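The next block holds one structure in the form of structure tokens; read it before the comments.
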Amino acid sequence: MHKRVVITGIGGICGLGTNVPAIWGEMRAGRSAIGPIVNSELHDLKIRVGCEIKTLPDHGIDRKQVVSMDRFSLLATIAAREAAQQAGLTSHAANTYRMGAIVGVGVCGWEAIEESYRAILLEGKNRTGIFTVPKVMPGAAAGHVSMNLGLRGPVFGITSACSSSNHAIASAVDQIRLGRADIMVAGGTDAPLVWGILKGWEALRVLAPDTCRPFSADRQGLVLGEGAGMAVLETYEHAVARGATILAEIAGVGLSGDASDIVAPTIEGPEAAMRFCLVEAGLNPEDIDYLNAHGTGTKANDQIETAAIKRVFGDHAHRLSISSTKSMHAHCLGASGALELIACIMAIRDGIVPPTANFREADADCDLDITPNVARERKVRVAMSNSFAFGGTNAVLAVKAV
């Protein structure tokens, strides 16, 4: 039998707020934080909206560590500190090698990359910043989290585009079940609101010019955001033994690959991941009360995800409460799955399904209950979170009440 893995702390930061209570409060209210980007140099970009963190909180991280961080690492560390505080997590000589960190990231340290390119190519400087390499590397966020919290067990980064958070959490579950760690801090982070990244996404022609409207017939594409979400995971027995408050339990994980196209999704890949998740969790489709959809707001993604949900859930698909919180915090790439896990956990704890904001017009191809615009009271015992990514990498998590 699998070891039971539970969640004892969560932390988050994104455009909706700089901690979990603030983020969840905005989600419950159905307020979108998407708007004009004001903190980044946009130069010649046509698309000028995103979901940015206007002001960072007073995070208390030592300046000597901050100077070696790119923004994505800083966001991850802020979120991890919140999660660790809620979990009552402390490291000492007896447990430090039994605690680790895995952080998913979609794009890595592009703030440092862009600063270096501009310094060398436009300003004629002959060297980059001394911390450019450690700032840029995708595994930096996991390293910084481990250094800040004193975690000396398994520590590494994971990158699988938009599925990075869920893959990181799934891998953390594996470390615990394999006996390599007692506690893992896991989640995802990204800070893609820099000119070079936005320019690349603009070329794909999938960015919305105004806001994100998942499943709405008049949707025009996705919106990028920045943020991080982290969770403290441990075995049920370990959490009980130390008197920790258990927020939810990881019920199951489902992973799959499309093996089809680098950007175009299939129905079969997401379908397989959801089915695998149900099997691992020992659940039937009708056991799922709430599904946080990948729901990016592109024409193809929303239609394909709807079709996959119908295949997996059958008649229950029309009784299932579904929403896309990307309508509020935007698509934070490697951080999205972790922020959406927070939504799932809080839906279970508060009995509230967060809405799909910005919805205006029904789409016959997306005809499920997507909780338009207004949150809904519902007893949520089990919630599922979908993450599907470029490259055809799919990762689905299910969490349940304890």
Side-chain angles (χ1 to χ4, degrees), residues 2 102-108 138-139 156-175 177-178 186 188 190 192 197 200-201 203-207 214-215 221-222 224 250-281 283 285 288 291-314 317 322 324 326 331-338 340-341 365-366 368 384-398:
H2 283 315
I102 304 175
V103 183
V105 58
V107 291
C108 81
F156 54 93
I158 280 182
T159 180
S160 55
C162 313
S163 293
S164 298
S165 282
N166 282 8
H167 277 123
I169 294 164
S171 183
V173 170
D174 289 345
Q175 302 307 308
R177 287 179 174 166
L178 289 168
D190 252 324
I197 294 294
W201 277 90
L204 287 171
R205 299 181 182 178
V206 296
L207 295 182
F215 304 108
L222 61 88
L224 292 180
I250 300 289
V253 172
L255 309 177
S256 72
D258 290 355
S260 176
D261 189 277
I262 196 67
V263 292
T266 69
I267 296 176
E268 292 76 16
E271 176 191 2
M274 285 186 277
R275 289 192 188 278
F276 292 151
C277 183
L278 289 172
V279 169
E280 180 173 298
L283 297 171
I288 305 298
L291 189 150
N292 189 297
H294 187 56
T296 61
T298 66
K299 290 288 184 183
N301 177 86
D302 292 358
Q303 290 177 1
I304 286 172
E305 186 171 14
T306 300
I309 291 169
K310 288 180 178 179
R311 286 190 183 184
V312 172
F313 290 93
I322 301 168
S324 171
K326 287 185 180 72
H331 196 343
C332 298
L333 302 181
S336 284
E340 290 153 10
L341 178 64
D365 293 320
C366 301
L368 300 178
M384 179 178 281
S385 179
N386 285 347
S387 287
F388 312 134
F390 281 175
T393 58
N394 311 297
V396 176
L397 301 176

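Any value given below was found using the heavy atoms of this structure, including those in side chains, with hydrogens, waters and symmetry copies removed. On a predicted model such as this, the values are computed, not experimentally measured, just so you know. Starting from 1, each residue takes its place in the sequence as its number.
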Presence of salt bridge, Glu280 and Arg177, under 4.0 angstrom: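 Yes, charged N to carboxylate O under 4.0 Å.
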
Kindly say whether Ser385 contributes a backbone atom to a donor-acceptor pair with the side chain of Asn292 at under 3.5 angstrom?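 No.
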
Just by distance, do the side chain of Ser165 and the backbone of Gly334 share a donor-acceptor pair under 3.5 Å?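 At least one qualifying donor-acceptor pair exists.
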
I'd like to check [X] versus [Y] (side-chain heavy atoms, cut-off strictly below 4.5 Å). Are they in contact?
X      : Y      : value
Pro270 : Phe388 : yes
Cys332 : Asp190 : no
Ser164 : Val105 : no
Thr306 : Asp365 : no
Ile158 : Ser171 : yes
Val396 : Val253 : no
Lys326 : Leu222 : no
Leu397 : Glu340 : no

Phe156 CZ: over 12 foreign heavy atoms closer than 6.0 Å: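 Buried by this count: over 12 neighbours within 6.0 Å.
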
For the atom pair [atom1] ([X]) and [atom2] ([Y]), what is the distance rounded to the nearest 0.5 Å?
X      : Y      : atom1 : atom2 : answer
Asp258 : Ile304 : CG    : CD1   : 9.0 Å
Asn166 : Leu341 : CG    : CG    : 7.5 Å
Ser160 : Asn394 : OG    : CG    : 10.0 Å
Phe313 : Ile322 : CZ    : CD1   : 8.0 Å
Asn386 : Cys162 : CG    : SG    : 13.0 Å
Thr298 : His331 : OG1   : NE2   : 9.0 Å

Of all the heavy-atom pairs spanning [X] and [Y], show the shortest one and how long it is.
X      : Y      : answer
Gly269 : Ser256 : O-OG, 2.6 Å
Ala186 : Ala168 : CB-O, 4.0 Å
Gly295 : Pro214 : O-CG, 3.4 Å
His294 : Asn301 : CD2-OD1, 3.3 Å

Evaluate Arg205 against Leu207 for side-chain contact (heavy atoms from CB on, under 4.5 Å), listing each step before the verdict. CA-CA 6 Å; Arg205 299 181 182 178; Leu207 295 182; over 6 Å; no

Starting from the C-alpha separation in whole Å, work towards a yes-or-no answer on side-chain contact (heavy atoms from CB on, under 4.5 Å) for Thr159 and Cys108. CA-CA 9 Å; Thr159 180; Cys108 81; over 6 Å; no

Under the side-chain contact (heavy atoms from CB on, under 4.5 Å) criterion, do Met274 and Arg311 qualify, and how do the steps go? CA-CA 10 Å; Met274 285 186 277; Arg311 286 190 183 184; over 6 Å; no

Phe390: which residues meet the ring-ring contact (aromatic ring centres under 6.0 Å, His included) condition with it, sequence neighbours left out?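 By the ring-ring contact (aromatic ring centres under 6.0 Å, His included) rule, Phe390 matches Trp201.
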
Of all residues at least two apart in sequence or in a different chain, which pass the ring-ring contact (aromatic ring centres under 6.0 Å, His included) check with His167?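 In terms of ring-ring contact (aromatic ring centres under 6.0 Å, His included), with neighbours along the sequence ignored, His167 is linked to no residue.
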
Under the side chain to side chain contact (heavy atoms under 4.5 Å, CB included) rule, collect the residues that match up with Ala398, sequence neighbours excluded.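 Ala398 satisfies side chain to side chain contact (heavy atoms under 4.5 Å, CB included) with Ala251, Cys277 only.
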
For Val173 and His2, what are the C-alpha separation, side-chain angles and deciding distance, and is it a side-chain contact (heavy atoms from CB on, under 4.5 Å)? CA-CA 10 Å; Val173 170; His2 283 315; over 6 Å; no

